[in-house]
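Whatever order the structure lists them in is the order used to number ligands and atoms, beginning at 1. Keep in mind that what you see is a predicted model, and the values were worked out from it rather than measured.
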Amino acid sequence: MEAIILAGGFGTRLRPLTYTRAKSLLPILNKPMITYLINMLPDKVDKVILAVNYRKKQIEDYFKKNDFGMKIIVNDEPKPLGTGGAVKFAERYITDSFFVLNSDIICSLNLDEMIKFHMKNNAVSTISLWPVDNVSEFGVADVRDDGNIIGFVEKPKPEDAPSDFINAGAYFLEPEILDYIETGRLVSMEKEIFPKIIKDTGRFFGHKFEGYWMDIGRISSYKEAHNFLLEKQGINNYQGDNCEIKGSLRKSCIGNNVHIGKNSKLESTIVYDNAIIGENVVLSGCIIGENSKIGSFSSIKNSVLGDNEKLADNSNINERIVWTQPTPEGYPDKQIGNVIEQ
Ligand code: GTP
């Protein structure tokens, strides 16, 4: 069975972290986000098609070095084709019913159960559904008791919402849906293709599941995912290899080869590989990029430092994105495809 993993987005809401790396390779507890998804795939999935574009080479290199015991095809789009266009572009690898998975979700969804649900309903498309409190920020599914979805309502007022279930970014599809997607142009699966399938077939279903679900689309959800997983694993901090930690850590995740000077205090902070934090530094709610350096006696709160950034001694920063290098060529200055507000 084939699974297409959509991993070609720029991840603009996660800049500056995505200026230097593919969103799907951003570490969560020191492991690339995409590995959580690969480990969730049912045994029957023996072929994964990675739909890539931006930072394709990084993704390719990662999968060359790491064997997941399945065939991995890196399918490079000539230009960003959006969530639907990327699926169409993988058409030549599809032989039967297949999964499409956003690469930026971390969840407890059981994909075998999803296949069973799909078969029982003789569905053309089954999407995973997750309940939320803040319906007015999402496309909300109009879903009947038996799971049949009859439409979506974009960002409804709570009193107008047809349900509290939203698209959780995992789909199980019949190959006939490929006929709905035009070749070679930017197509949104969610906005353009799903409504057509609902209208034409009526066999569009939503599979609800329990446990947890996180869409790692924004800096806030990226940080929340770390907190959640630290708590779930019952650990206070996570630490990579070869670190020299002379300060103290609380609810923080530290990469490999990190140096933290004496009397420094880190709380709810993520530090990437090879970072150097001086002495008497306070970091709270921060993300510190790879090879970054923070001078002694600095105080940084709720801020993100991109890779290779340097802050002088006595820096005092609050709620800031620190990026002093040129923006990578071709990187868009706003979201393309599905626009989801920050
Ligand atoms: P933002 O720019 O912050 O909206 O992030 P994004 O570009 O990742 O977009 P979004 O979160 O809507 O994407 C959902 C999933 O689809 C992610 O796993 C993306 O990697 C993937 N994706 C989005 N656009 C494309 C595309 O044009 N091609 C491919 N192959 N994947 C895409």
Side-chain angles (χ1 to χ4, degrees), residues 2-19 21-26 28 32-38 40 48-60 62-63 72-94 98-107 109 127-128 130 137-139 152 154-155 166-171 173 181-194 213-222 225 304 321 327-328 330-342:
E2 290 98 20
I4 301 174
I5 298 187
L6 298 173
F10 285 95
T12 55
R13 289 166 298 153
L14 281 162
R15 60 183 174 242
L17 304 172
T18 46
Y19 281 154
R21 67 186 81 203
K23 170 160 135 181
S24 58
L25 295 182
L26 290 181
I28 297 199
M33 187 185 309
I34 197 168
T35 61
Y36 291 82
L37 204 59
I38 302 262
M40 197 178 105
V48 171
I49 300 120
L50 297 172
V52 299
N53 180 259
Y54 176 64
R55 298 270 171 214
K56 165 218 161 174
K57 174 111 180 29
Q58 281 182 346
I59 298 179
E60 200 165 38
Y62 177 77
F63 282 95
I72 306 264
I73 297 166
V74 177
N75 200 32
D76 181 21
E77 291 157 35
K79 59 177 181 183
L81 292 171
T83 48
V87 171
K88 182 70 176 177
F89 190 65
E91 183 168 21
R92 63 186 179 283
Y93 299 113
I94 301 301
F98 62 104
F99 282 105
V100 174
L101 306 164
N102 284 358
S103 63
D104 52 358
I105 50 170
I106 302 244
C107 64
L109 171 64
I127 71 166
S128 54
W130 182 252
E137 291 177 27
F138 297 95
F152 289 91
E154 267 312 301
K155 301 184 179 148
I166 63 160
N167 173 356
Y171 318 134
L173 308 171
I181 314 173
E182 225 179 281
T183 308
R185 76 165 176 93
L186 191 82
V187 180
S188 159
M189 199 73 172
E190 303 80 357
K191 301 264 155 50
E192 295 176 63
I193 306 306
F194 288 166
W213 175 80
M214 285 167 285
D215 167 21
I216 319 290
R218 313 161 190 212
I219 295 289
S220 57
S221 52
Y222 181 65
V304 185
I321 299 284
T327 305
Y331 194 99
D333 53 10
K334 57 179 175 38
Q335 286 179 289
I336 56 170
N338 301 317
V339 173
I340 310 154
E341 274 111 38
Q342 184 75 278

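Between the choices Pro332, Gly82, Ala22, Ala86, the shortest heavy-atom distance to atom 26 (C) of ligand 1 belongs to Gly82. When Gly8, Ala51, Gly11, Gly84 are checked for heavy-atom proximity to atom 6 (P) of ligand 1, Gly11 turns out nearest. Nearest to atom 13 (O) of ligand 1 by heavy atom, out of Leu6, Val100, Asp104, Ile34, is Asp104.
Close approach to Ser103 involves these atoms of ligand 1, each under 4.0 Å from a residue heavy atom: 18 (O), 20 (O). Atom numbering of ligand 1 starts at 1 in the shown order; those under 4.0 Å from a heavy atom of Pro80 are 27 (O). The distance from ligand 1 to the heavy atoms of Lys23 drops below 4.0 Å at these ligand atoms: 5 (O), 6 (P), 8 (O), 11 (O). Against a heavy-atom cut-off of under 4.0 Å, Leu81 is close to the following atoms of ligand 1: 27 (O). Annotation for ligand 1: atoms under 4.0 Å from non-hydrogen atoms of Thr12 are 1 (P), 2 (O), 3 (O), 5 (O). Using a 4.0 Å cut-off to heavy atoms of Arg13, the atoms of ligand 1 that qualify are 1 (P), 3 (O), 4 (O), 5 (O), 11 (O). Close approach of ligand 1 to Ala7 (heavy-atom distance below 4.0 Å) involves ligand atoms 20 (O), 31 (N).
Contact annotation: for Arg218 versus ligand 1, there are no heavy atoms closer than 4.0 Å. Within the 4.0 Å heavy-atom criterion, neither part of Leu14 lies near ligand 1.
For ligand 1, none of its N or O atoms has an N or O atom of Gly217 under 3.5 Å away. Note: an N/O pair closer than 3.5 Å links Phe10 and ligand 1 by distance alone. Geometrically, ligand 1 and Thr83 share no nitrogen or oxygen pair separated by less than 3.5 Å.
Asn75 is listed as a side-chain neighbour of Arg92, based on a closest heavy-atom distance under 4.5 Å. For the pair Ile193/Val87, no side-chain contact is recorded, criterion being any heavy-atom separation below 4.5 Å from C-beta on. Side-chain contact between Ile216 and Leu26 is absent, with no heavy-atom pair separated by less than 4.5 Å.
The existence of a salt bridge linking Glu60 and Lys57 is excluded, since no basic side-chain nitrogen approaches an acidic carboxylate oxygen closer than 4.0 Å.
Remark: distances from the non-hydrogen atoms of Asn53 to ligand 1 are all 4.0 Å or more.
The aromatic rings of Trp213 and Trp130 sit tilted, their planes meeting at an angle between 30° and 60°.
In this structure, Arg13 fails the cation-pi test against Phe10, since its NZ or CZ atom is not both closer than 6.0 Å to the six-membered ring centre and inside 45 degrees of the ring normal.
Between Tyr331 and Thr12, the shortest heavy-atom distance links the atoms OH-CA, 3.2 Å. For the pair Ile105 and Ala168, the tightest heavy-atom approach, listed with the atom from each and the gap, is CD1-O, 3.5 Å.
When atom types are taken as modelled, the side chain of Ser24 and the backbone of Ser103 share no donor-acceptor pair closer than 3.5 angstrom.
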Inset, instruction - Go through the steps for Phe63 and Ile34 under the test side-chain contact (heavy atoms from CB on, under 4.5 Å), then give the verdict. - result: CA-CA 11 Å; Phe63 282 95; Ile34 197 168; 3.9 Å; yes

